[in-house]
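Predicted model, so just to flag it, every value in this text is computed and none were measured.
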Amino acid sequence: MGEIVVLRHGQTEWSLSGQHTSVTDLPLLPEGEEQARRLRGEFGDRRFAAVWVSPRLRARRTAELAGLTPTGTDEDLVELDYGGYEGRTTAEISEEMGRTWSVWVDGTVPGATPGETLADVGARVDRVLDRSRPLLEDGDVALVAHGHVLRILTARWLALEPRAGALFALPAGSYGVLGHEHARPALTGWGLH
């Protein structure tokens with residue numbers, strides 16, 4: 001049985017500063033490109049049945065530099081839509097609210113520019129996992145995307161609620177491996193680079 005490799009894109013200006021980035025299509029910083037290049041040899045022993053990439057530039061470039069050849073782009077792998085919190089940091093949002101804010105507890109901005117809920121993203125990544133599972137009989141599946149969406153996908157792989165993604169910090173330019181132990185979904189590697 002194959003495994004799912006989840007790869008977070010390399011460092012961008014906003015991931016470095018802690019700004020929430022979904023629809024803003026930022027390029028990799030030079031250090032983000034180097035992070036991706038360092039991964040080039042990591043996947044040589046794997047036979048990928050599919051390599052799906054978020055359509056965002058930062059994910060596509062990471063896949064390319066890491067030596068992965070995408071078999072397709074997948075809109076379900078785009079980052080959580082932060083709505084009006086796009087481009088803002090957790091500290092800025094917390095200061096405005098007068099208390100500590102967390103996307104995992106409070107969700108995205110309500111009102112005129114609402115973002116997605118964690119449940120919305122959970123439904124998206126469930127579709128990705130449903131498409132991936134049958135392919136694992138033929139090899140591994142690589143998913144190149146973004147921090148929050150991959151953390152939620154990992155939670156769903158483990159049959160946890162989307163908010164459990166809070167438990168799986170995934171630094172820019174690192175990857176995790178979702179596999180099996182005794183035929184049950186398991187986290188078999190994490191935060192690798």
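- At distances below 3.5 Å, not a single donor-acceptor pair connects side-chain atoms of Gln11 with backbone N or O atoms of Gly173.
- In this structure, Leu178 and Thr188 have side chains that are not in contact, with every pair of non-hydrogen atoms separated by 4.5 Å or more.
- Between His9 atom NE2 and Leu65 atom CG the span is 13.5 Å, to the nearest 0.5 Å.
- Considering all non-hydrogen atoms of both residues, Ala145 and Leu77 come closest at CB-O, 3.4 Å.
- Follow the hydrophobic side-chain contacts under 4.5 Å out from Ile93 and you never reach Trp14; the two are in separate clusters.
- In terms of modelled atom types and a separation under 3.5 Å, the side chain of His20 and the main chain of Gly18 share no donor-acceptor contact.
- Other residues, nucleotides and ligands place more than 12 heavy atoms under 6.0 Å from the CD atom of Glu31.
- The pair Asp106-Arg163 fails the salt-bridge criterion, with no side-chain N (NZ, NE, NH1 or NH2) lying under 4.0 Å from an Asp/Glu carboxylate O.
- The CG atom of Leu160 sits 7.5 Å away from the CG atom of Leu167 when rounded to the nearest 0.5 Å.
- Of the charged side-chain nitrogens involved, at least one lies within less than 4.0 Å of a carboxylate oxygen, so that Arg37 and Glu33 count as a salt-bridged pair.
- Of the possible donor and acceptor atoms, one in the side chain of Thr21 sits under 3.5 Å from a partner among the backbone N and O of Gln19.
- For the pair Ser15/Arg8, a side-chain contact is recorded, criterion being any heavy-atom separation below 4.5 Å from C-beta on.
- Taken together through direct or relayed side-chain contacts under 4.5 Å among Ile, Leu, Val, Met, Phe, Trp and Tyr, Leu170 and Leu192 form parts of separate hydrophobic clusters.
- No side-chain donor-acceptor contact under 3.5 Å links Arg156 to the backbone of Asp126.
- No path of Ile, Leu, Val, Met, Phe, Trp and Tyr side chains, each step under 4.5 Å between heavy atoms, connects Val121 with Val53, placing them in separate hydrophobic clusters.
- Across every non-hydrogen atom of Ser54 and His146, the tightest pair is OG-NE2, 2.7 Å.
- The two residues Leu28 and Arg58 make their nearest non-hydrogen contact at CD2-O, 3.8 Å.
- Considering every non-hydrogen atom in both Ser22 and Asp81, the closest pair reads OG-CA, 3.5 Å.
- Using a 4.5 Å heavy-atom threshold, the side chains of Arg56 and Glu79 count as separate.
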side-chain contact (heavy atoms from CB on, under 4.5 Å) evaluation trace for Arg88 with Tyr82: CA-CA 9 Å; Arg88 303 193 57 209; Tyr82 301 106; over 6 Å; no
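- With Asp25 contributing its side chain and Leu57 its backbone, the two residues share a donor-acceptor pair below 3.5 Å.
- Other residues, nucleotides and ligands place no more than 12 heavy atoms under 6.0 Å from the CG atom of Asp45.
- Contact of the Thr62 side chain with the Leu7 side chain is registered, since non-hydrogen atoms from C-beta on lie closer than 4.5 Å.
- Looking at Glu75 and Arg124, no side-chain N of the basic residue comes within less than 4.0 Å of a carboxylate O on the acidic one, giving no salt bridge.
- Taking the centre of each ring, Tyr175 and Trp190 stay at or above the 6.0 Å mark.
- Note that CE of Met1 and CZ of Arg133 are 10.5 Å apart. Values are rounded to the nearest 0.5 Å.
- Counting all heavy atoms, side chain and backbone alike, Ala155 lies closest to Glu161 at CB-O, 3.6 Å.
- Inter-residue side-chain proximity for Ile4 and Leu136 is flagged as met; some heavy-atom pair is nearer than 4.5 Å.
- In this structure the side chain of Trp104 reaches within 4.5 angstrom of the side chain of Ile152, judged on heavy atoms.
- One distance of note links CD of Glu3 with CG of Leu187; it measures 10.5 Å at 0.5 Å rounding.
- Criterion: ILVMFWY side-chain heavy atoms under 4.5 Å apart, direct or through other members. Under it, Leu39 and Val51 are part of a common hydrophobic cluster.
- Listed for the Ser94 side chain is a donor-acceptor partner under 3.5 Å among the backbone atoms of Trp101.
- Atoms CD and OG, from Glu42 and Ser174 in turn, are 11.0 Å apart once rounded to the nearest 0.5 Å.
- Hydrophobic clustering (ILVMFWY, side-chain heavy atoms < 4.5 Å, transitive): Val141 and Val177 are in distinct clusters.
- Between Ala50 and Leu135, the shortest heavy-atom contact is CB-CD1, 3.7 Å.
- Taking the six-membered ring where tryptophan is involved, the planes of Phe48 and Phe43 are perpendicular, since the angle between them exceeds 60° and thus also 30°.
- Between Arg46 atom CZ and Leu68 atom CG the span is 10.5 Å, to the nearest 0.5 Å.
- Remark: Arg131 engages Asp74 in a salt bridge, criterion side-chain N to carboxylate O under 4.0 Å.
- Proximity of Val128 to Leu153: side-chain heavy atoms (C-beta onward) are separated by under 4.5 Å at one or more points.
- A salt bridge links Asp76 to Arg127: one of the charged nitrogens lies within less than 4.0 Å of a carboxylate oxygen.
- Annotation: side chain of Glu92 is not in contact with side chain of Glu95 (no heavy-atom distance under 4.5 Å).
- A donor-acceptor contact shorter than 3.5 Å links the side chain of Thr154 to the backbone of Leu150.
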